[in-house]
Number of protein chains: 2
Amino acid sequence: MSHKRVTLADVARTAGVSSTTASLVLSGRGSELRISPAVQERVRGASAELGYRPNIVSVGLRKGTTRTLGLVSDTVATGQMAGDMIKGAIEAARDHGYMLFIGETEGDPAIESALIDAMLDRRVDGIMLTSMFTRTRAVPAALERLPTVLLNTLPAGPTRAPAVVPDEVAAGRAAAQLLLDAGHRDIHLVGAGPGADDVPPDTVAGHERLTGIHEVLHAAGLEPASGHLCDDWVPPQGWAATHDLLEQHPRPRAVICFNDRLAFGTYQALQEAGLRIPDDVSVVSFDNYPMADWLRPGVSSFAIPHEALGRRAVELLLAEIAGGPGGPDVHRLPVPLRARGSVAPA
Amino acid sequence: MSHKRVTLADVARTAGVSSTTASLVLSGRGSELRISPAVQERVRGASAELGYRPNIVSVGLRKGTTRTLGLVSDTVATGQMAGDMIKGAIEAARDHGYMLFIGETEGDPAIESALIDAMLDRRVDGIMLTSMFTRTRAVPAALERLPTVLLNTLPAGPTRAPAVVPDEVAAGRAAAQLLLDAGHRDIHLVGAGPGADDVPPDTVAGHERLTGIHEVLHAAGLEPASGHLCDDWVPPQGWAATHDLLEQHPRPRAVICFNDRLAFGTYQALQEAGLRIPDDVSVVSFDNYPMADWLRPGVSSFAIPHEALGRRAVELLLAEIAGGPGGPDVHRLPVPLRARGSVAPA
DNA sequence: CGGCCTTGCTAAATCGTGTTAGCAAGCTCA
DNA sequence: TGAGCTTGCTAACACGATTTAGCAAGGCCG
């Protein structure tokens with residue numbers, strides 16, 4: 001608290017002009033309003049010399065804009081996904097001179113509402129509504145008049161807000177195609193399937209990945225060789241599902257796991273059964289967690305572009321703030337394959 | 001933009017009083033300054049009826065306090081650790097009516113400096129300097145006059161800022177003691193050791209855990225049976241280190257892995273060598289990643305209290321903001337054991 | 001010579017709140 | 001009865017920027 005921050009009035013005094021003049025010069029409207037080049041130079045010099053930085057709080061009061069965005073998430077503690085998505089958002093925001101408030105609702109509507117209020121109290125210029133697993137949700141009424149973007153989330157009802165999500169259907173198609181191209185015909189599913197409705201509740205990813213897989217298999221005149229629904233996609237369930245699979249089909253040749261944690265369980269079960277990857281069984285998976293690299297051999301996995309999702313959401317939000325159209329478009333980002341050693345020809 | 005937000009002046013007008021009176025009543029100084037109960041009631045009624053919420057930007061300009069904190073991290077994308085620590089900080093902040101700016105430096109001093117400036121521009125009330133792996137760092141001069149707390153980080157030089165870190169020495173002691181209590185005498189180390197200086201550079205956790213392990217072993221008249229330094233604590237290195245270990249000692253009985261990712265690699269190598277956990281080998285580890293639960297059997301691991309660290313940092317910061325002492329104390333939080341099935345009697 | 005335009009700058013209002021100083025009315029009391 | 005006190009409230013300024021309106025000086029022109 002000792003040193004006071006240098007204020008616009010200080011700059012003006014040093015340059016020997018009024019603070020109006022200083023403000024005009026520093027906001028670039030100097031020439032437009034006929035401030036002489038000599039004075040402009042003096043103001044800029046004083047500003048640089050004193051190390052002047054405008055007080056954004058004051059600007060916020062005057063202009064109603066705070067160069068601040070809010071990110072409302074259901075949880076930020078879901079490992080890599082959360083981290084990368086937030087990282088992308090933070091970086092994109094910083095690139096444009098914005099800062100990010102981050103809040104967490106734990107799925108509680110009361111907390112969410114309080115959080116949104118807290119952000120509105122601080123006059124954020126826009127808000128991103130995020131979920132750490134892709135899902136569908138309604139947009140709170142309070143946000144219909146503030147620039148808003150849905151991140152990793154699809155709107156439940158009609159809304160002005162655009163959405164940014166990974167293109168999971170395409171990823172599902174690519175996963176099935178990858179195995180078909182390797183010559184496999186009997187493709188087992190761990191995590192969801194075999195029917196189109198055999199997916200964990202409330203998860204968009206499961207539904208869309210399965211849709212893509214079905215599309216490609218049907219086009220080739222095939223059905224999944226088997227499907228094993230898991231309601232929580234963690235290694236123990238992947239292990240159990242693969243265990244079931246092996247009882248019905250002792251020598252599977254190709255498995256699609258619905259994410260890398262399931263794949264971890266699948267690896268454990270296959271290895272305990274004495275089956276080698278990829279020589280005996282080919283495995284392909286989704287998410288591209290760090291774990292995909294740590295399994296032996298690494299599992300080929302489709303990488304959700306978390307960082308790009310966060311980045312794109314910020315860019316859409318800034319466009320909306322700048323007065324862009326901001327239609328309720330759904331932006332689907334590609335989910336590229338990270339090939340490792342888990343797929344071999346049939 | 002359509003509906004204007006309701007302002008203090010609106011409340012005052014509705015209640016038929018001056019905005020001074022409304023301000024006094026709503027800030028609780030009404031009785032102190034002899035506003036009659038009847039008027040106080042009217043003001044509060046009007047405020048509730050209109051749904052008045054003070055404009056924090058304006059308050060910030062007037063009082064210089066924004067009810068906002070900054071969290072400056074080297075990276076937020078390091079999985080669970082980052083997420084939980086940030087989650088703890090966010091929740092503690094919210095509990096006290098504060099919001100959190102989160103920024104990421106990627107270890108670049110220029111970005112860090114720009115980030116701190118951006119937060120100062122927005123008049124944060126205090127800043128937390130965080131690292132996602134425990135390390136030592138200097139406090140930028142710009143922060144010596146703003147309330148500051150180091151989170152998961154120790155100060156390199158003299159500073160006013162207190163620090164919050166996990167008590168890694170105690171965790172190291174407890175790990176060694178756990179194996180000694182189970183009757184083990186030959187204890188192998190994967191990730192660091194055997195000598196006190198055999199630690200990855202710049203990591204406080206490695207150094208302190210090793211110190212604790214040494215303390216307990218020495219007190220029992222023992223030395224580590226072997227030590228295997230890994231410069232990056234990831235599964236492939238854990239696998240390689242354990243591979244080395246098995247060449248020197250084909251039948252190890254007890255292993256301390258310096259984190260769960262190393263333990264993952266150790267599991268892989270032990271299982272490939274046909275050794276069973278815990279019947280043949282006991283394994284204990286640190287960090288308590290989700291992965292610790294996913295290994296079969298789960299690995300007993302010392303849990304870094306990430307959420308508590310974040311929470312405590314916010315509490316210290318708020319105490320400092322409230323004018324507390326804010327001495328340069330180092331707060332060490334306990335690192336409790338999460339026992340699973342990876343340790344058996346010798 | 002008086003009205004009008006241009007040039008180059010500034011005074012003052014504004015955003016929404018907190019805070020200091022003080023005012024009007026009624027009461028007390030010598 | 002009038003000085004002084006209490007009660008209950010408000011006017012006005014401050015925070016630090018932006019923005020609107022406008023002023024003074026000089027030149028031009030009929």
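Note that the structure is predicted; figures quoted are calculated from it, not measured. By convention in this document, chain letters (A, B, ...) are assigned in the order of the sequence lines, proteins followed by strands, and residues within each chain are numbered from 1.
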Discussion item. I'd like to know if A/Glu91 and A/Lys87 make a salt bridge, using a cut-off of under 4.0 Å between side-chain N and carboxylate O.
Written reply: yes
Taken to the nearest whole Å, CD/B/Glu32 to P/D/dT7 is 14 Å
Any N or O donor-acceptor pair linking the side chain of A/Ser18 to the base of C/dA11 at under 3.5 Å? no
B/Arg67 CZ to C/dG16 P, in whole Å, measures 21 Å
- Classify the side chain of A/Thr7 versus the base of D/dA17 as yes if they form a donor-acceptor pair under 3.5 Å and no if they do not. no
B/Arg62 has its side chain closest, among C/dG18, D/dC9, D/dA17, to C/dG18
Of A/Val39 and A/Ser19, the one whose closest nucleotide on DNA chain C sits nearer the 5' end is A/Val39
Below the 4.0 Å mark, does C/dT10 have OP1 or OP2 next to a side-chain nitrogen or oxygen of A/Thr21? yes
I'd like to know if the side chain of A/Asp108 reaches the main chain of A/Thr105, judged simply by a donor and an acceptor atom lying under 3.5 Å from each other, with no hydrogens or angles considered. no
Quiz item: So, is A/Tyr52 near the phosphate of D/dG16, with a side-chain N or O under 4.0 Å from OP1 or OP2?
Solution: no
When rounded to whole Å, the CG to C1' distance for the pair B/Leu26 and C/dT17 reads 11 Å
Report yes if a side-chain nitrogen or oxygen of A/Thr20 is closer than 4.0 Å to either non-bridging phosphate oxygen (OP1 or OP2) of C/dA11; otherwise report no. no
When rounded to whole Å, the CG to P distance for the pair A/Asn55 and D/dC15 reads 12 Å
Here the distance between atom C1' of C/dG8 and atom CD of A/Gln40, to the nearest Å, is 11 Å
Heavy-atom nearest nucleotide on DNA chain D taken for A/Arg34 and for B/Val17; more 5' hit belongs to B/Val17
Can you tell me if CZ on B/Arg122 sees more than 12 non-hydrogen neighbours from other groups inside 6.0 Å?
yes
B/Lys63 atom NZ is separated from C/dC15 atom P, nearest whole Å, by 22 Å
Closest to the 5' end of DNA chain C, once A/Leu24 and B/Leu33 are matched to their nearest nucleotides, is A/Leu24
So salt bridge (charged side-chain N to carboxylate O under 4.0 Å, His left out) across residues 37-46 of chain B, not counting sequence neighbours, yields none
Checking D/dA17, C/dC9, D/dG8 against the side chain of B/Ser36 (C-beta onward), the nearest is D/dG8
B/Leu61 CG to C/dT17 C1', in whole Å, measures 9 Å
B/Ser23 has its side chain closest, among C/dT19, C/dT10, D/dG8, to C/dT19
Next item on the list: Decide, yes or no, whether a salt bridge links B/Arg53 with A/Asp121 under the criterion of side-chain N to carboxylate O below 4.0 Å.
Entry: yes
Taken to the nearest whole Å, CZ/B/Arg29 to C1'/C/dT19 is 7 Å
